[in-house]
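Taking it in order: structure first as structure tokens, then the write-up.
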Amino acid sequence: MTVRTRFAPSPTGYLHIGGVRTAIFNWALARRFGGQFVLRIDDTDVERHREEALEPILAGLRWLGLHWDEGPGVDGPHGPYYQSQRLEVYREFAERLRSRGRAYPCFCTPEEIERERQEARQAKRPYRYSGRCRALPTQEQQRRIEAGMPYVLRLKVEPDRVIRFVDVVLGPVERNTNDIGDVVLVRANGMPLYNFATVVDDASMQITHVIRAQEHLTNTFVQLLLYEAFDITPPQFAHVPYVAAPGSKAKLSKRHLERYQTEENVARFLKLGFKPEEVPSPVMLDYYIHLGYLPDAVLNGLARLGWSLDDRTEKIPRQVLIENFSLERIHKSPASFDPDKLYWLQGEYMRELPLEQKVAGTIPFLQRAGLVGDPVDESTRSLIRRVIEALGDRMKVFTDVIVYGGFFFKDEVDYDPKAVQKVLLKEHVPVVLARLRERLAGLEPFDAAHIEEVVRGLAEELGVGAGKVIHPLRVATSGQTIGPGVFELVEILGKERALQRLERALALVQQEDA
RNA sequence: GGCCCCGUCGUCUAAGGGUUAGGACACAGGCUUUUCAAGCCUGGAAUACGGGUUCGAAUCCCGUCGGGGUCACCA
């Protein structure tokens with residue numbers, strides 16, 4: 001039997017890191033065994049803007065390279081893959097359950113149910129449906145239905161049974177049916193509920209392995225009861241621990257990652273044209289996509305949460321993951337997500353990326369920031385290439401090119417006030433800048449090696465350390481204190497622009513002086 | 001509160017009866033250095049606690065404590 005896994009997001013508008021990890025595990029298992037990875041959309045909870053809320057999720061999965069074999073846009077033998085389009089199937093299965101006497105209509109009003117729930121809460125008892133409608137005679141059911149009374153469909157759950165199964169990750173687990181009660185399968189409006197729709201779909205789509213977050217563990221017992229009622233062999237279940245917040249075992253949420261949302265990163269998003277309220281949170285995949293992470297790095301980093309290859313391997317490229325992924329090596333306990341480690345891994349992947357791919361990957365970000373045009377002409381392309389080369393290992397994510405080297409692509413320099421204060425507004429600086437301008441103007445050829453000679457020569461002549469010349473030169477030409485090596489920086493900038501900027505900086509300090 | 005799951009450095013993890021409990025991120029110190037990175041070297045850092053079983057326990061059993069999940073006409 002071929003392995004079939006599925007990922008079943010509901011269209012919420014974005015992909016959460018924890019959800020992505022679940023998707024990766026499902027995808028990896030299918031690929032490992034040459035099976036199929038199905039994408040199904042759990043959209044029974046009638047949401048207004050379905051399409052817009054779905055697209056970012058599909059885009060995220062595509063970005064990661066988690067291609068699905070069946071699902072939206074990919075027809076297959078078990079479609080449709082939107083639950084909202086499968087209502088007929090659910091109706092059929094619901095009917096089957098009723099005709100077998102495994103489910104019954106319940107006419108209790110939401111108010112009545114709410115009262116039962118309140119009572120349970122006050123008595124500090126877990127809530128379970130009383131089963132009041134279960135005993136209704138068939139004729140009475142018929143009468144009420146014909147009278148147009150709204151009703152939900154409930155599963156008849158036999159009391160005092162212990163349901164057991166062996167979870168691939170957790171091992172043997174069990175639960176008493178007394179803790180479950182007659183759960184609702186279909187809403188009064190005819191829409192199926194999660195547990196019911198999931199079983200119908202997993203069964204009819206021939207899913208062999210259900211890999212999902214541990215928060216679904218209690219649902220699994222209900223689902224097992226449903227498989228039994230349908231007389232269908234259930235799939236294997238693997239409940240993976242949820243992804244926790246850094247330094248905690250609490251489920252990851254937006255709030256937990258606030259400290260990773262640095263001012264510096266927010267500034268990157270703003271440079272890319274995001275409005276402040278649109279800036280994604282570090283719990284969302286979008287955050288990493290737009291900061292310029294590589295899909296392979298994110299895939300690797302997330303796959304390592306709760307799963308390991310062995311006792312030492314951190315870098316697990318896509319192909320290696322596919323060849324070695326196994327459910328058996330998934331941890332039982334929650335793993336906290338560590339953005340720092342993901343960042344480190346990203347640096348490793350970026351470092352190994354061939355130059356031309358770095359260039360190609362950088363271009364969309366420069367365009368979004370309005371620093372280069374579209375299309376990019378050959379001279380701009382070669383400028384980008386030179387900047388990236390000069391950046392070397394400093395470039396960890398694509399937006400680093402904007403932060404460390406944005407000034408290469410602008411006519412006017414934005415002088416960072418702090419840099420000016422710290423480096424340029426010093427007594428010796430006017431002299432240094434003036435001489436630099438003079439010497440560089442006559443320099444031929446204008447390359448890094450010769451620029452270095454000029455700078456070091458000048459330092460010696462003035463009887464100061466090289467840093468006293470280098471730092472002002474950097475700030476004067478780039479406006480900032482960080483960036484590539486200053487000699488290459490000036491070379492790439494070119495003589496004309498370097499001189500202009502020295503001029504401007506000089507004016508700036510002299511004006512400050514006066 | 002009932003039921004269920006989980007507990008190895010701050011974090012990700014390895015070891016599944018016998019190791020000085022290993023690696024990685026992060027952190028600290030040093031070297032290098034024109035900034036920022038990178039690189040190299042060094043360091044601190046863990047089996048939640050208490051009982052058993054055993055020649056021997058992180059590992060098996062029991063209890064305690066702690067964390068988490070779940071108890072919807074959400075998924």
Side-chain angles (χ1 to χ4, degrees), chain A residues 8-10 12 42-45 83 106 108-110 113-114 117 120-121 123-128 150-154 167 169-171 173-176 178-181 183-195 197-198 212-219 221 239 241-242 244 246-251 301 304-315 331-345 347 351 391-396 400 403-404 419 423 452 455-456 459 465-471 473-475 478 480-487 489:
Chain A
S10 29
T12 52
D42 280 14
D43 58 354
T44 53
D45 191 25
Q83 288 191 331
C106 167
C108 294
T109 62
I113 297 297
E114 185 51 34
R117 196 176 290 130
R121 197 170 308 149
K124 296 201 166 196
R125 246 186 311 115
Y127 166 72
R128 254 166 293 119
Y151 65 95
V152 299
L153 189 70
R154 283 187 187 272
D167 188 275
V169 172
L170 262 19
V173 282
E174 58 176 59
R175 187 164 157 90
N176 195 298
N178 292 343
D179 300 322
I180 297 173
V183 294
V184 176
L185 266 18
V186 182
R187 292 180 177 92
N189 67 5
M191 290 302 263
L193 249 18
Y194 174 75
N195 276 319
T198 298
R212 55 160 60 137
Q214 251 173 46
E215 61 201 77
H216 285 294
L217 185 61
T218 48
N219 284 323
F221 298 96
H239 286 92
Y242 56 88
S248 131
K249 291 294 175 200
K251 217 168 125 188
R304 274 286 286 104
L305 279 186
W307 181 84
S308 64
L309 180 57
D310 55 30
D311 63 336
R312 56 191 65 255
T313 313
E314 295 294 343
K315 286 192 60 187
H331 245 246
K332 288 178 167 190
S333 52
S336 7
F337 172 57
D338 182 0
D340 288 332
K341 192 154 181 175
L342 181 60
Y343 181 68
W344 166 77
L345 205 47
R351 189 216 303 264
L391 247 24
D393 289 345
R394 271 168 280 246
M395 175 171 162
K396 296 269 188 39
D400 282 340
V403 173
Y404 294 127
V423 178
E452 179 163 5
V455 169
R456 293 200 187 278
K468 286 269 195 292
V469 179
I470 284 169
H471 300 314
L473 176 59
R474 169 185 300 286
V475 175
S478 72
Q480 57 195 36
T481 53
I482 52 169
V486 75
F487 310 120
L489 186 162

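Excluded from the calculations below are hydrogen atoms, water molecules and symmetry mates; all remaining heavy atoms, backbone and side chain alike, are included. Quantities reported herein were computed from a predicted structural model and do not represent experimental measurements. Below, chain A is the first sequence line, B the second, and so on; all start at residue 1.
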Does some side-chain heavy atom of A/Val455 sit less than 4.5 Å from a side-chain heavy atom of A/Ile470? yes

Check whether A/Arg117 reaches the backbone of A/Tyr127 with its side chain - one donor and one acceptor, N or O, closer than 3.5 Å. no

From the list B/G22, B/G2, B/C12, which nucleotide is the closest neighbour of the side chain of A/Ala335? B/C12

For the C1' atoms, the ones on B/C31 and on B/A14, what distance do you get once it is rounded to whole angstrom? 31 Å

Any strand: nucleotide that pairs with B/U47 via Watson-Crick or wobble, under 3.5 Å: none

The criterion is side chain to side chain contact (heavy atoms under 4.5 Å, CB included); which residues satisfy it with A/Thr218, sequence neighbours excluded? A/Arg175

Please confirm whether any donor atom in the side chain of A/Glu215 sits under 3.5 Å from an acceptor in the base of B/G68, or the reverse. no

Determine the contact category for A/Asn219: base if any of its heavy atoms lies under 4.0 Å from a base atom, sugar-phosphate if only primed atoms, P, OP1 or OP2 are that close, otherwise nothing. base

What's A/Leu342 touching, base or sugar-phosphate or nothing? Going by heavy atoms closer than 4.0 Å. nothing

Any side-chain heavy atom of A/Thr44 sitting closer than 4.5 Å to one from A/Tyr194? no

For A/Tyr242, report the nucleic acid contact type (base, sugar-phosphate, nothing); a contact means any heavy atom under 4.0 Å. sugar-phosphate

Let me know the distance between CZ of A/Phe487 and C1' of B/U33, rounded to the nearest Å. 11 Å

Using a heavy-atom cut-off of under 4.0 Å over every strand shown, decide if A/Pro484 touches base, sugar-phosphate, or nothing. base

Looking at B/C40, which nucleotide sits across from it as a Watson-Crick or G-U wobble partner, both distances under 3.5 angstrom, or is there none? B/G30

I'd like the C1' distance from B/A57 over to B/U19, given in whole Å. 14 Å

Atom NZ of A/Lys332 and atom C1' of B/G67 are separated, to the nearest Å, by 17 Å

Does A/Gln480 reach a base, just sugar-phosphate, or nothing at all? Heavy atoms under 4.0 Å. nothing

Given atom CZ of A/Phe221 and atom P of B/C4, what is their separation to the nearest angstrom? 9 Å

For the side chain of A/Trp344, starting at C-beta, report the closest nucleotide among B/A26, B/C74, B/C36. B/A26

Rounding to an integer number of angstrom, what distance separates B/A48 and B/G22 when you compare their P atoms? 16 Å

Kindly point out which of B/G2, B/U34, B/C36 is positioned nearest to the side chain of A/His471? B/U34

Could you give the CG-to-C1' distance, from A/Leu153 to B/C73, as a whole number of Å? 12 Å

Counting only side-chain N and O atoms of A/His331, is one of them less than 4.0 Å from OP1 or OP2 of B/U8? no

Between A/Ser336 and B/C12, is there a contact of a side-chain N or O with OP1 or OP2 at under 4.0 Å? yes

Donor-acceptor pair, side chain of A/Gln480 and main chain of A/Tyr404, under 3.5 angstrom: yes

Answer for the Watson-Crick or wobble partner of B/U70, both distances under 3.5 Å, is B/G2

Paired nucleotide for B/G16 [Watson-Crick or G-U wobble; both distances under 3.5 Å]: none

No-H, no-angle donor-acceptor pair, A/Lys341 side chain to B/A24 base, under 3.5 Å: yes

Euclidean distance, atom CG of residue A/Asn178 to atom P of B/C3 [Å, nearest integer]: 12 Å

Using a 4.0 Å heavy-atom cut-off across all strands, classify A/Ser308 as base, sugar-phosphate, or nothing. sugar-phosphate

Please determine whether a side-chain nitrogen or oxygen atom of A/Thr44 lies at a distance below 4.0 Å from atom OP1 or OP2 of B/A75. yes

Indicate whether any N or O donor in one side chain lies under 3.5 Å from an N or O acceptor in the other, for A/Thr313 and A/Asp310. yes

Map A/Glu452 and A/Thr109 onto RNA chain B by nearest heavy atom, then report which one ends up closer to the 5' terminus. A/Glu452

Tell me which nucleotide, if any, is Watson-Crick or G-U wobble paired with B/U8 when both distances must be under 3.5 Å. none

Please confirm whether any donor atom in the side chain of A/Arg175 sits under 3.5 Å from an acceptor in the base of B/C4, or the reverse. no

Atom CZ of A/Arg394 to atom C1' of B/U33: distance rounded to whole Å? 11 Å

Sugar-phosphate only, base, or nothing, as touched by A/Gly485 at under 4.0 Å among non-hydrogen atoms: base

Regarding A/Arg351, tell me which of base, sugar-phosphate or nothing describes its non-hydrogen contacts under 4.0 Å with the strands shown. sugar-phosphate

Regarding A/His239, tell me which of base, sugar-phosphate or nothing describes its non-hydrogen contacts under 4.0 Å with the strands shown. nothing

Students often get this wrong, so: under 4.0 angstrom with heavy atoms, is A/Pro334 touching a base, only sugar-phosphate, or nothing? sugar-phosphate

From the list B/C25, B/C36, B/U34, which nucleotide is the closest neighbour of the side chain of A/Tyr404? B/C36

With a non-hydrogen cut-off below 4.0 angstrom, is A/Glu314 in contact with a base, only sugar-phosphate, or nothing? base

Can you tell me if the side-chain N/O atoms of A/Arg117 get under 4.0 Å from OP1 or OP2 in B/C73? yes

When the P atoms of B/C36 and B/C27 are considered, how many whole Å apart are they? 15 Å

Quick check on B/U34: is either OP1 or OP2 less than 4.0 Å from any side-chain nitrogen or oxygen of A/Arg456? yes

Does a side chain donor of either A/Gln83 or A/Asp43 reach within less than 3.5 Å of an acceptor in the other side chain? no

Counting only side-chain heavy atoms from C-beta out, which of B/A75, B/G68, B/C4 sits nearest to A/His216? B/A75

What nucleic acid atoms does A/Val486 come within less than 4.0 Å of, heavy atoms only: base, sugar-phosphate, or nothing? base

Just compare B/C12, B/C36, B/G2 and give me whichever is closest to any side-chain atom of A/Arg304. B/C12

Hey, does A/Ala188 reach any base, or is it just sugar-phosphate, or nothing, if we go heavy atoms under 4.0 Å? base

Distance between the P atoms of B/A21 and B/A45, in whole angstroms? 13 Å

Taking pairing as Watson-Crick or G-U wobble with both contacts under 3.5 Å, can you name the mate of B/A58, or confirm there isn't one? none

P atoms of B/C61 and B/G16, separation to the nearest Å: 16 Å

When rounded to the nearest Å, what value does the distance between P atoms of B/G50 and B/U32 take? 48 Å

Same-atom distance (P) from B/G10 to B/G51, integer angstrom: 23 Å

Would you say the ring centroid of A/His216 lies under 6.0 angstrom from that of A/Tyr242? no

Please tell me if the side chains of A/Glu314 and A/Leu309 come closer than 4.5 Å, counting only heavy atoms from C-beta onward. no

Nearest-nucleotide comparison on RNA chain B, the residue closer to the 5′ end among A/Tyr343 and A/Leu305: A/Leu305

Ignoring hydrogens, what is the shortest heavy-atom contact between A/Thr481 and A/Ala419? Give both atom names and the distance. CG2-CB, 3.7 Å

Considering only heavy side-chain atoms of A/Leu217, the closest of B/U8, B/U35, B/C5 is B/C5

Over all strands shown, is A/Val173 touching base, sugar-phosphate only, or nothing at heavy-atom distances under 4.0 angstrom? sugar-phosphate

CG of A/Asp340 versus P of B/C25: gap in Å, rounded? 12 Å

Any side-chain N or O of A/Arg187 below 4.0 angstrom from OP1/OP2 of B/A75? yes

